Structures are given as structure tokens and as C-alpha cells.
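First the structure, in the form of C-alpha cells, and then the observations on it.
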Amino acid sequence: MRTGTITRVSGPIITVKGMKGAGLYDVVKVGEVGLIGEIIRLEGELATVQIYEDNTLMRTGEPAVCQGSPLSVELGPGLIGSIYDGIQRPLPALKALSGPMLAPGVAGKALDPDKLWHFKPALKAGDPVGPGIFYGEIRETQSILHRLVLDAATPKGRAAWVETEGDYDISHSLVRTEAGAEYKASSRWPVRLPRACGAKQVPSKPLVTGQRIIDILFPIAKGGCAAIPGGFGTGKTMTQHAIAKWCDADLIVYIGCGERGNEMTDVLTEFPSLIDPKTGRSLMERTILIANTSNMPVAAREVSIYTGITIAEYYRDMGYDVAVMADSTSRWAEALRELSGRLEEMPAEEGFPAYLPARLAEFYERGGMVRTLEGKGGSVTIIGAVSPAGGDFSEPVTQHTRRFVRCFWALDRDLANARHYPAISWNDSYSEYVDDLVRFWDGVDPAWNSLRIAAMDILKRERKLAEIVRLIGPDALPDEQRLVLLTAELIKMGFLQQSSFDKVDMYCSPERQVLILQCILTFHREAEAAMKAGLPLPKITSMPIRSEIVRLKSSLHNDETASGQEILDRIRRSFAEAGVGTEGAAS
Ligand SMILES: Nc1ncnc2c1ncn2[C@@H]1O[C@H](COP(=O)(O)OP(=O)(O)OP(=O)(O)O)[C@@H](O)[C@H]1O
Ligand SMILES: [Mg+2]
């Protein structure tokens, strides 16, 4: 191991002399206490090192020891349910070691070295080994079977010996090859290197989030990338929390990146008590948290998203669907800007380094649906919050992010001010996954696409009419157009608004989503027919069934959609009782 001497300290960026022969991105233990750092630039024997811990009081002349390997995460059973900082130090263990404020230089084991896991071998002596070979399994949680698969860096060969079924810790050898290599339940992978896998596939299955505006109007596919841009307090974190809680991914990696500590506290206190609708188990049993809050070192924030995505890729390679939430990528970009400034690099737009778009692209590129080395399907879906200052979407982070994601859920300040939540704008948002997903939904529920088109059409017509209403008021419009306004109101209040605080409505099953929209659009069709048959609009406006439809989202439970036909019949009957309607003729 090479030992050098610190010659310059500029915040978290230091210069070390005597590092000749060290590798770019090698880990360095710096100073008397051995703070973790990473070489980010090499010039002869001078290395520029970025420090991941608080290095106040660091002095020149202190030693720095190059570890000779890049910054890596430890992968293995026990990751699920963990809470790590940006460089995968387990926060609860650190707290026990150093008290409530993290002491610099304190390290903890990312995975519990003493815990025994029940291993079932899948190989026997003489079997081939190499990339993608499944060598055994461990039940990590009730719903996650930890498949031990050899990674892309494994040389091809044959197994000379395989451990028998039994309980072992993570450093116990489970397979030995004829070439003498040993494989355990844990392994390491450099965070900045995407884990190699088979070919990328076109995303074709939806990530069902339980949020109506997302699932029906702007859906995301498993393996897709989405951005949630929004000004201060418009609901980025709430939307990410809602998706992390209710989406149908097998695992969630939640990266709290430079945001307030209390937002992570919400996750920590709330998630363990919530039940995953898919498995009926605690949500923490499918969640991994990476917390790097605003008061933690800025360089660790920069690396936290790589730590998170590497863990996600590891489970993807077992054949799972993993969803990564990053809140907020703007704080990450700010970390990049701060570090770049200290490196005295030439700034580009708004002081961000010229490589900002390249780094964003690299991050989102790690999402995708893939064929794993084993030949299974797995995916990493990435959902990144973007916090443009002043809600101005023309700033560089939002603009560049837009180029690399195919789903854009734009949060609207006016909607948030009007307490219309989620404040996702139906005018500015889009999803380019719709065409890929229509095929999937056609096989499950063909109504999905036709309802989505009809709802979008009404919202579009309302947008045009709103201009006229602003000029001359609603009374001047013909009844047919006023009905469009009425239905759009129903869509907004009864369908698009969804409170994360409503016990029933915080999660809306796909069946219930379709049913609520079907009710609204049935109302619209019946009303159109009734008006043609002579029923005046005020009579329709005063129908009690209207408020019943608006209330459906909190009165109809997810397990009550079997009564859907009855509700639709009740809507038709209301029109029949009002004197006219399509009952009998249309149904
Ligand atoms: N879906 C929702 N249901 C109910 N309330 C919501 C919802 N979304 C947002 N809110 C309200 O908006 C407030 C702000 O939301 P949130 O903290 O998610 O905003 P943010 O965009 O993350 O803010 P910041 O820029 O400070 O990070 C919440 O405290 C909550 O009251
Ligand atoms: Mg937030």
C-alpha cells in the first residue's frame, strides 16, 4: 500500500504527494483517523482526493494511504432493511459507535459479519462456473429469495468443491473452483462501474404505483426512467414516498440525497409500520435506505446515488424488479458543482461543470429492463426528483434530465397552491412509455387505453374552453361545452386528486382506478345523451350522483370493485329517473 503526505486541503478536496502508481478512483485512507477518500485526479505523484467524511481540522503533512482498489459496495444478504450513508456505512451501527453526531473515521460493517444465513447449494463439484452461474440461495426476507449468482468478472472454470446445505456467515466459503478461487455469500462491486448484464430489453410492463394520474395518464414502465421536477414544497418528496410505499416493484432503494433530515425521519418512522399490499409484510422488508442529508459531507452526497444504484443492479441481477428513488438529483448536481469549483475546473452553465449532462446520462443509463447473465428478466426503474430554484424548468439540471428520461411528471405551483395534490400537471407532463404499455394493458384490461384517451381528450377540451371562459365567462358557452367543464371538474376532483393522507385513497388499485374513471366517463356519456334528449344542464349539475362519484375515491375500498357494475347501473338509473337517458338502449 502506497503512503503519501497531504500537501493541500481545500474543504473536502485534498492533494496528496507520493502517490505514484496509484489508480484513478482508488480508495485512500486519509489523515491520522483514516477518513475515507477517493482519488479523482492523478498527475505524476500528485493525487487529488475527494474526502467522504467531515475533514474539518485536517492538516497538511498528515499521511494518506492508498488502498489499491476502487470505492466498492459490499453486496450480500442483509442489505434489505438497512440504512446506509452515501458510502454504505450502516447508520444505526455508526450511531452506536459514535453517538448522535457521526465521528469522523468511524467505520462499521455494511453487512453483519456474525449473522448466520441458511444456504442451499445449487451446484456440485465438477459443475461449470463462470458469469451468471447460480450457485445457491438464501432466504433473505419472507418475500425475497437471495439468489447467489456469479458476476460478470468471474473467470470460467469448474467447481472443485461446494459447501453443503447449512447455516453460515457471509465470509464463509461456499464454492471453490478448480483454479482455487473461492466464492462466499458476499461480494464487492465498484460503485462507479455499471454491473454487466445481458442485453437491455424494451420496457413492456408497467410499474403500477397506485397513484391514478401516474398509472393511467402518465404511466412508467418497469425499467423506465422518470423525473419529478417541482419548485419548493410542491410535493416531490410526497410523490416519491407514495411510489416507494405502494408501487409493485420487488425492492425499493430510496436515496435521500442532500434533503432535510426530517424527510428521511418520516421514511424511517413510517415505513416499518406500513404493510406492502403485494406481500402483506412490513414495507421495510423490501426497502434499502441511503441517507445523505443536507448536513452530511458533500462528497458523500455525490457518491450516494452510485452506491444506491449498484445495490439496485445487484438485486436486478437476481431477476427482481427494483425501483430507485433519488431525492433530489438537484442537490446531487450541486455537490458536483461544489466539488468542481474546488477542483478549479472551468464552469459551464450556471456554474455546473461541463460534464453535468454526461454524469446525468450515466446515472439514468443504469436503469432499464434487462436479461440477466442467468437469462432471467430483471429491471431497475429510476425516479429522480429535480428541485429547480424558483420552479424554473429552464435551468440546466431539469433541462438535461429531460433528455435522459422518458417520463416527466411536472409539478405545478398553482395546483399545489390550490391544494390539488398530487400537483402533477396534466398539461406539462408526459410519458413516452404509453405505446409500449398499451399492448400490456390490452391483454389485462382493454378499457385502460380507451379511458385514458377519453379523459385526456376532455382535459384538452377544457383547457381550450378555459381561455374563452376567462374572456367572457362560462354562461356564454353552449350547454354541450359547459358539460365538458363539468366533467373535467369531476375528473380533477374525483380522479386526479389523490391525498397521501387518506387511509383509503393513498393507494388505488388498478381495478379501482379504471372503475372510478369509467364512472366519470359514463356520467359524461349519459349526460350528453340526456341533453340531446332535452334534459337541461342545471338538472344534470344538481344531480346527487355527481357528488357520489367525487366521493368514490375515499368511499369505495380497493377490495370492493366487484360492485362496480352496480355503481355504473346507478349512474345510468339516475339519468333514467331524471326523465331521459340511454338505459336500455345503450347498455
Ligand atoms: N399527494 C399528496 N397528498 C397530500 N398532500 C400532499 C401530497 N403531495 C404534497 N402534499 C402536501 O405538500 C406538502 C409539501 O410536499 P413535499 O414535502 O413532498 O414537497 P417537496 O417538493 O418535496 O418540497 P421541498 O422542495 O421542500 O423538498 C406536504 O407536506 C403535503 O402537505
Ligand atoms: Mg422534498
Side-chain angles (χ1 to χ4, degrees), residues 208-218 220 226-247 252 254-271 274 289-296 301 304-305 308 324-335 383-393 395 397-398 401 408-426 428-429 491-509 512-513 516 550-551 553-554:
V208 176
T209 65
Q211 310 302 304
R212 286 184 291 269
I213 184 161
I214 295 180
D215 290 348
I216 296 206
L217 297 193
F218 309 110
I220 179 161
I228 314 181
F232 173 72
T234 46
K236 299 175 291 293
T237 304
M238 291 289 282
T239 309
Q240 293 225 351
H241 282 194
I243 300 173
K245 285 175 198 165
W246 309 120
C247 79
I252 308 291
Y254 195 100
I255 311 167
C257 182
E259 290 294 290
R260 291 182 300 275
N262 61 348
E263 298 192 337
M264 286 312 279
T265 319
D266 285 352
V267 180
L268 296 179
T269 49
E270 215 184 332
F271 277 36
L274 289 170
L289 295 175
I290 316 276
N292 205 262
T293 50
S294 46
N295 56 347
M296 289 161 93
R301 186 193 307 169
S304 63
I305 66 166
V324 176
M325 315 284 147
D327 187 11
S328 143
T329 56
S330 297
R331 305 281 164 261
W332 168 81
E334 282 162 15
I383 299 170
V386 188
S387 347
D392 170 15
F393 289 179
E395 59 85 45
V397 183
T398 318
T401 302
F408 195 76
W409 300 320
L411 299 180
D412 185 285
R413 163 68 52 207
D414 291 340
L415 289 177
N417 287 347
R419 308 205 62 75
H420 172 115
Y421 293 121
I424 299 176
S425 158
W426 48 92
D428 302 333
S429 303
I491 294 179
K492 287 186 220 166
M493 288 166 62
F495 183 79
L496 298 180
Q497 281 188 10
Q498 183 173 359
S499 170
S500 291
F501 299 118
D502 184 317
K503 285 266 172 298
V504 177
D505 209 26
M506 49 171 66
Y507 168 71
C508 189
S509 69
R512 199 161 71 98
Q513 300 190 14
I516 294 177
V550 172
R551 280 198 309 270
K553 60 181 185 182
S554 7

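Small disclaimer: the values here were computed from a predicted structure and weren't measured. Whatever order the structure lists ligands and atoms in, that order sets their numbers, starting from 1.
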Residues Thr398 and Phe393: closest non-hydrogen pair is CB-O, 3.5 Å
*How about His241 and Trp246: are their ring centroids closer than 6.0 Å?*
no
Within the 4.0 Å heavy-atom cut-off around ligand 1, the contacting residues, ordered by chain and number, are Gly231, Phe232, Gly233, Thr234, Gly235, Lys236, Thr237, Met238, Glu259, Arg260, Glu263, Arg419, Tyr421, Pro422, Gln498, Ser499, Ser500, Phe501
Handout entry: Donor-acceptor side-chain pairing of Asp505 and Ser499 below 3.5 angstrom
Key = no
So CG of Asp327 and OG of Ser387: to nearest 0.5 Å the spacing works out to 6.5 Å
Value for CD1 (Ile228) from CH2 (Trp409), rounded to nearest 0.5 Å, stands at 5.5 Å
Problem - Flag for Gln513-Asp215: side-chain donor and acceptor within less than 3.5 Å - result: yes
- Mind running side-chain contact (heavy atoms from CB on, under 4.5 Å) on Gln497 and Lys553 for me, showing each step along the way? CA-CA 9 Å; Gln497 281 188 10; Lys553 60 181 185 182; 3.5 Å; yes
- If we ignore angles and hydrogens, is there a donor and acceptor under 3.5 Å between the side chains of Gln240 and Thr237? no
Under 2.8 Å from the Mg ion (ligand 2), the protein N, O or S atoms found are Thr237 OG1
**Asked** Got a sec: does the CE of Met493 have more than 12 other heavy atoms crowding it under 6.0 Å?
**Response** no
